[in-house]
Structure formats: C-alpha cells, structure tokens
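Worksheet: the structure to be examined is printed underneath.
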Amino acid sequence: MSIDKHKIRNIGIMAHIDAGKTTLSERILFYTGLTHRMGEVHEGTAIMDWMEQEQKRGITITSATTACFWKDIYINLIDTPGHVDFTIEVERSLRVLDGVIAVFDSVHGVESQSETVWRQADTYKIPRICFLNKMDRTGASFTKSFRSIQQKLSLTPIAIQLPLGEGSQFEGVLDLVEEKMYFWNQDEFGKTFKTQDISTEYQEIFEKKRKELIETLAEWDEKILEKYLENQSPSTKEIKQALRQQTLNLKITPVLCGSAFKNKGVQTLLDAVKDYLPSPLDVLPATGKNFKGDQVLCPPEDKAPLSSLAFKIVFDSFSKTLTYIRVYSGTLKVGQELFNTRQKKTERVQKILKMHSNSRKEIKELKSGDIAAVAGLKWTQTGDSLCDISRQVFFERLSFPEPVLSVAIEPKSSVDQSKIESALQKIEREDPSCQIKKDTETGQMLLLGMGELHIEILLERLLKDYKVSARIGKPQVSFRETPSKIWQGSEEFHHEIQGKKHFAKTSLKIEPLERGKGFLFESKLKDLSKELLFEIKEGIKQTLSSGPFMGYPVKDLKVSLLKLNYNEEDLSLLAIRSCIYQNFSKGLRQAGTELLEPIFKITIDSPEEFTGAVIGDLNVRKGKIQDIHSKEGLKIITALAPLSKLFGYATDIRSLSQGKAHFSMEMHGYRLIPKKEKEKLFI
C-alpha cells in the first residue's frame with residue numbers, strides 16, 4: 001500500500017492525567033471506522049489501554065500506537081500517558097512525531113503535567129492544536145481555559161471554535177472558520193451531526209470572535225494583513241492556509257472544543273488534524289551525524305538510503321521482541337539487514353507490523369515518513385539509530401530522567417534467581433526510565449524507578465506478567481552524592497600484564513558545582529587526541545555510578561585533566577583508563593561527599609475548607625509553600641517537599657480532604673541534606 005506523504009499525519013495525544021486523552025483516542029478509532037464499538041476507560045474496555053495494569057487503574061501507563069484513515073488522510077496515532085511517573089513515554093513518542101493534539105480539561109484549564117508535556121513538545125519544535133475537552137462538565141469554561149493557555153504556555157492560542165453552551169447546556173460547536181454551527185446526534189453515538197448557518201442568537205459573538213481570529217492571523221500573515229488593512233474579509237480557504245502555515249511555523253496554536261465522552265466535536269478535531277498539522281514533507285528533514293561527526297541530511301525520500309530511529313521496545317508472547325521505529329528516509333523491507341550505529345552490529349528484519357494497540361497486521365515494507373513495529377531485532381535499544389550500512393548515521397539519542405526510588409528484590413529460592421534476572425532485564429529494556437542494579441554489599445537486585453506508582457506497576461508486571469516468586473523490600477529514596485570541596489592530586493599506574501608494561505600518570509582537579517549542573521569534564525591539555533579524551537572521560541564515568549559515602553551516583557561536579565604522562569612509543573589505553581579511575585576514586589574519597597536528596601514540586605487542588613489541614617500536613621513533611629491562589633472555588637497550593645517525606649501521600653491527602661482534593665507531583669531537583677537531617681536518616 002503506497003500512501004502520498006502529503007496525506008500522512010504522525011500525531012500524538014498528550015495531556016495532564018484524567019483530561020480525557022484515551023477517551024478521545026477511542027472516539028477517533030470509532031469515527032474513523034477502525035473499531036465498531038467505543039471502549040470506555042471507566043469500564044476498563046478502552047482499546048488503547050490494553051495492559052491489565054492500565055485497565056485496573058483507569059490510566060494510561062505506556063504509549064499505545066495505532067493507524068487509521070480519516071477522509072483522505074492516513075493517521076499514525078500515539079496515545080501517551082499523563083502521569084508524571086511515565087514522562088519518558090511522552091518523551092520518546094514526541095521524538096518521532098510531527099504533530100500533537102494537546103488535550104485540556106475545560107474545568108481546570110492548564111494543569112501541572114500539561115505544562116510539562118508542553119515544554120517537551122517545545123523541545124522538539126512540534127506543531128500543536130489544542131482541544132478543550134469536557135465542555136459538558138459542571139464548571140467548564142472555554143474563556144478561562146483559553147486564558148490559562150495564553151498565560152502559561154508558549155505559542156499564541158487562536159480560537160477557531162466556540163462552544164454552543166457550557167456544562168449541562170453544551171450542545172455543539174460554532175466554527176469561526178467555516179462560519180457554521182454543528183450539533184451532534186447522540187442516538188447514533190455522535191456519528192452524524194447537523195450543520196446549520198450561524199443563528200441570530202450567536203451572530204454578535206461570532207462576528208466579534210472571527211474579527212479577533214483575523215486580527216491575530218494578520219500579525220503573522222502578510223496576505224491576511226493586506227486584506228485586513230483594505231477592510232476586506234479573507235475567504236475560508238485563505239484563513240485555513242494562513243492557520244496551517246503559522247501553525248507549522250510554531251507561531252500560533254489553533255484551539256477547538258468539545259466533549260469526547262459525550263461524542264461531540266471529535267470529527268471537527270480530525271478535520272483540524274488534516275487541515276493544520278504537518279505531513280512528513282512539511283517538517284524539516286531529519287538530521288544526524290556520521291562517524292566522522294559530519295552532518296547527514298535524511299529527507300523523506302523512498303529511494304534514498306535507509307535511516308530510522310528505534311523509539312520503543314516491547315516484549316510480547318507473539319514475536320518476543322517488537323521494536324517500534326520511525327523511518328526517516330528510504331524504504332524498510334522484510335528480510336532487510338539494518339546496521340545499528342551505536343551497537344555497531346547488524347540486525348535482520350523478520351516481520352514489519354502495523355500495530356493497533358496490542359494487535360497487529362503484517363506488511364511487506366515501510367516507506368519513509370511512516371511508523372511501525374519490527375520483529376526480530378536482538379540488540380537494538382530505545383534511541384538507537386538503524387540505517388543502511390552504505391550510509392551510516394547517528395540520530396541524537398534520547399536522554400532519560402534519573403530514577404529517584406528503589407526497591408530490593410530477592411528470589412524466594414535459587415531456582416527463581418535466573419528467572420528474576422531475565423525478567424528484570426526485559427523490563428529495563430522496555431522502560432529506559434527504570435534501572436536494574438546489584439548491591440555489591442548485600443548481593444540484592446535493586447529496581448529503580450520514577451515514583452511510587454511507577455515502582456508499583458513495575459513490580460506488578462514482574463510478579464504477574466513474568467510469574468516470578470520474589471521477596472520485595474520497602475521503597476527507598478535514591479539519593480545522590482556530590483563533592484564536599486575542591487581537590488587536586490595525582491596518581492600513577494605501573495603494571496606488567498602478560499609481559500607488556502602498562503604505564504600512565506595523571507593529575508586531576510575535582511570541583512563541586514551548583515545544583516542541577518550535572519557532570520562537566522575539561523582537559524587543560526590541548527594536544528590530546530579524541531580517542532584519548534574519550535578513554536579518560538569513560539574512566540571517570542565508571543566511577544560516577546557509585547560514590548564513596550553511601551554508594552549513590554555522583555553528580556554536580558567538574559573534573560579537569562591537568563597532566564597526563566604515558567609511554568608514547570607503547571601507548572596503553574588500559575593504563576590510562578585505569579589510572580584515571582584510581583585518580584578520580586581517590587580524589588572523591590579524600591574530598592569527601594555530601595548527600596543530595598530529590599525534591600518534588602507538588603500542586604494540590606483543594607476545597608477551601610480543607611486548606612488548613614493540607615498545609616499543616618505539608619509542614620509536617622518539611623514542605624515549603626511556594627504559592628497559594630484561588631480558582632473556581634478551590635485553593636491551588638504549590639509546594640516543594642523532599643521525596644523521603646512523601647511516601648503514601650496519595651492515601652493521606654484523600655483522608656485529609658474526604659477524597660475531594662487532587663494533586664500532581666513532578667521532579668524539581670536535588671537539595672543538600674543538612675548534617676542533622678542526614679544523621680537522622682541513617683541512624
């Protein structure tokens with residue numbers, strides 16, 4: 001099946017948790033004819049939430065992929081999670097998408113995780129359209145939600161629809177571009193809708209808002225500006241062209257509205273996907289680098305050398321390993337050999353599968369600009385570049401957040417040991433935001449994750465999906481270490497191994513950095529080769545994974561190479577790397593390290609009568625209030641608190657507020673633990 005690339009839309013749906021992303025996805029599948037009944041999140045029947053853990057909790061945990069047709073366009077759709085613990089799922093989806101539908105709960109407007117995913121889309125410069133969902137809910141307000149987008153997010157929002165009524169009075173939408181009103185027929189699950197001209201009742205608001213739309217467009221589009229100055233009204237076609245161009249230019253964001261659950265506004269949203277979001281030909285060609293560091297351009301041409309990116313790994317009972325990929329250039333075929341530029345290994349494609357949630361359809365080839373899953377890849381990991389060996393290209397790898405919680409896992413018997421290790425390796429390969437480590441002192445396996453819910457779901461998968469028997473410890477905070485002071489010193493490595501002399505002498509300087517600066521490396525020696533610098537940096541990185549105080553990873557430091565002596569006639573990379581390792585390890589021990597703990601930003605929506613109890617509880621948890629303001633009869637409280645004090649917070653806040661307060665958390669950074677607190681933590 002050959003599809004015109006102008007007709008392809010690679011889009012994702014992103015939002016704060018419970019804004020209605022998955023419900024919207026289910027409606028899209030129904031109206032595009034891909035399914036014949038609507039799945040519901042609250043009933044655990046949503047097709048896109050196919051995992052048992054998702055159906056039980058009513059939330060999206062892993063991004064689900066499907067493909068469908070709407071009119072004459074072909075849509076690759078990815079439904080992403082809204083919970084902060086699964087931010088990496090959003091990140092790796094955005095890496096391969098061309099456009100996004102940002103969904104907002106019209107009762108609450110922009111919420112904390114809405115801002116997080118919006119910033120992620122900013123990073124990848126992805127064009128967006130906004131959908132104000134739940135217009136049928138009590139308290140829904142198009143005006144307030146629109147204003148929150150104006151105030152809190154980048155890109156200028158531009159309303160192209162208005163709601164016909166709000167809350168229980170919501171009937172349909174008024175289209176400012178088409179100059180029409182749409183009313184949905186609930187007897188047919190919203191499959192059909194009535195179109196009519198603007199009624200007298202809405203004529204005044206229509207003219208006012210259409211004028212605002214044209215004025216906003218005139219700021220960015222010369223043709224619209226020219227017509228505006230000449231007191232002429234641009235045509236529907238001209239407005240659509242201007243909206244599309246400025247959406248692609250990341251100047252504006254079209255805003256639509258509806259109620260996915262009540263089957264209103266979804267078809268017009270799909271029309272907006274067609275009209276305003278980009279095809280693979282509308283975005284800049286993917287750019288990578290070759291082994292020499294030269295830039296490689298990969299335009300979406302089917303006959304070009306193959307270049308693609310693996311963005312997700314899944315293990316299943318059918319094909320064992322499925323690798324989701326986006327093809328940027330060339331054509332991928334069954335049986336083809338792929339070169340993995342990071343692993344420097346060759347892989348062979350056994351099957352190419354178009355996925356519909358967790359079901360699949362085999363295809364023979366995948367052309368540039370398209371997305372699918374590939375079976376048979378043994379070595380490939382998330383973020384790896386796969387290409388034709390004749391033109392090797394590296395795409396920028398994904399960066400993964402640091403895990404902040406850990407649990408110890410012990411097998412119940414020796415028989416379970418290898419089974420647990422195998423299962424954990426698969427889980428880690430599927431989910432790069434978790435890590436598996438082995439405690440060198442106790443021999444325990446440690447599973448590290450992004451939060452309580454993340455850890456809970458990973459453990460559930462380990463015990464139920466992989467059917468292992470294990471004893472699980474209590475979640476522990478994963479702290480960090482950082483140098484206490486500046487240190488400078490030298491080290492010498494001099495060994496004879498199998499008759500060959502290995503010699504190196506190094507001098508390093510270690511300096512603590514401000515919070516959030518990570519790891520910096522600098523060489524004061526200007527004549528070293530790239531190969532030598534790489535070996536030195538790798539030698540240091542080996543030591544960063546375990547600090548001298550408690551064995552936690554080391555961060556926020558700068559290391560400078562001051563001197564390096566070695567035998568130039570018989571260069572030994574082993575000696576240099578070992579010497580650097582010893583030099584740096586000694587430096588950290590002698591400088592000493594301080595302990596850092598993860599701090600989370602908490603946003604709480606609480607009825608006013610429970611505000612005092614919520615704030616009092618935050619004070620007990622050593623939380624620092626950042627802001628309190630009123631909104632829709634609620635108090636919005638923002639605070640910073642150490643993760644070590646937030647265990648069980650979901651249960652406690654429900655108890656404090658009779659289940660009426662809601663909260664979200666996201667990683668804010670690390671702070672130095674005061675000496676007195678550190679002593680209490682480790683008594």
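For the pair Thr346 and Leu338, the minimum side-chain heavy-atom distance is 4.5 Å or more. Looking only at side-chain heavy atoms (C-beta outward), Pro403 and Ser478 stay at 4.5 Å or farther from each other. Taking the side chain as every heavy atom from C-beta outward, Phe493 and Thr506 never approach each other to under 4.5 Å. Side-chain contact between Lys524 and Leu561 is absent, with no heavy-atom pair separated by less than 4.5 Å. Contact annotation: the side chain of Arg589 never approaches that of Trp487 to less than 4.5 Å [non-hydrogen atoms, C-beta and beyond].
Taking the six-membered ring for Trp, His668 and Phe600 have ring centres at least 6.0 Å apart. In this structure, Phe663 has its ring center closer than 6.0 angstrom to the ring center of Tyr649.
Within the 3.5 Å criterion, the main-chain N or O of Arg391 finds no donor-acceptor partner in the side chain of Asp388. Checking side-chain atoms of Asn340 against main-chain N and O of Lys344 turns up no donor-acceptor pair under 3.5 Å. Judged purely by atom type and a 3.5 angstrom limit, Asp384 has no side-chain atom pairing as donor or acceptor with the backbone of Ala310.
When every heavy atom of Asp431 is checked against every heavy atom of Ser433, the shortest pair comes out as OD1-OG, 2.6 Å. What you find for Pro475 and Val407 is that their closest heavy atoms are CA-CG1, 3.5 Å.
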* Under the side-chain hydrogen bond (donor to acceptor under 3.5 Å, both in side chains) rule, what do Thr380 and Glu347 come out as? Steps first, then yes or no, please. => CA-CA 8 Å; Thr380 300; Glu347 302 262 39; 2.9 Å; yes
Under 3.5 Å, sequence neighbours excluded: what are the donor-acceptor pairs made by side chains of residues 571-581?
| unit_1 | atom_1 | unit_2 | atom_2 | d |
| --- | --- | --- | --- | --- |
| Ser572 | OG | His502 | ND1 | 2.6 |
| Ser572 | OG | Ala575 | N | 3.0 |
| Arg577 | NH1 | Glu535 | OE1 | 3.1 |
| Ser578 | OG | Leu574 | O | 2.8 |

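Applying the ring-ring contact (aromatic ring centres under 6.0 Å, His included) criterion to Tyr670, with sequence neighbours excluded, gives no partner residue. Residues satisfying the side chain to side chain contact (heavy atoms under 4.5 Å, CB included) test with Leu520, not counting sequence neighbours, are Leu513, Lys558.
A salt bridge is absent between Arg480 and Glu597; no separation between the charged side-chain nitrogens and carboxylate oxygens falls under 4.0 Å.
In summary, the side chains of Thr638 and Gln626 do not present any donor paired with an acceptor at a separation below 3.5 Å, with no hydrogens or angles considered.
In this structure, Lys289 is not positioned above the aromatic face of Phe394 in the sense of NZ or CZ being under 6.0 Å from the six-membered ring centre and within 45° of the axis.
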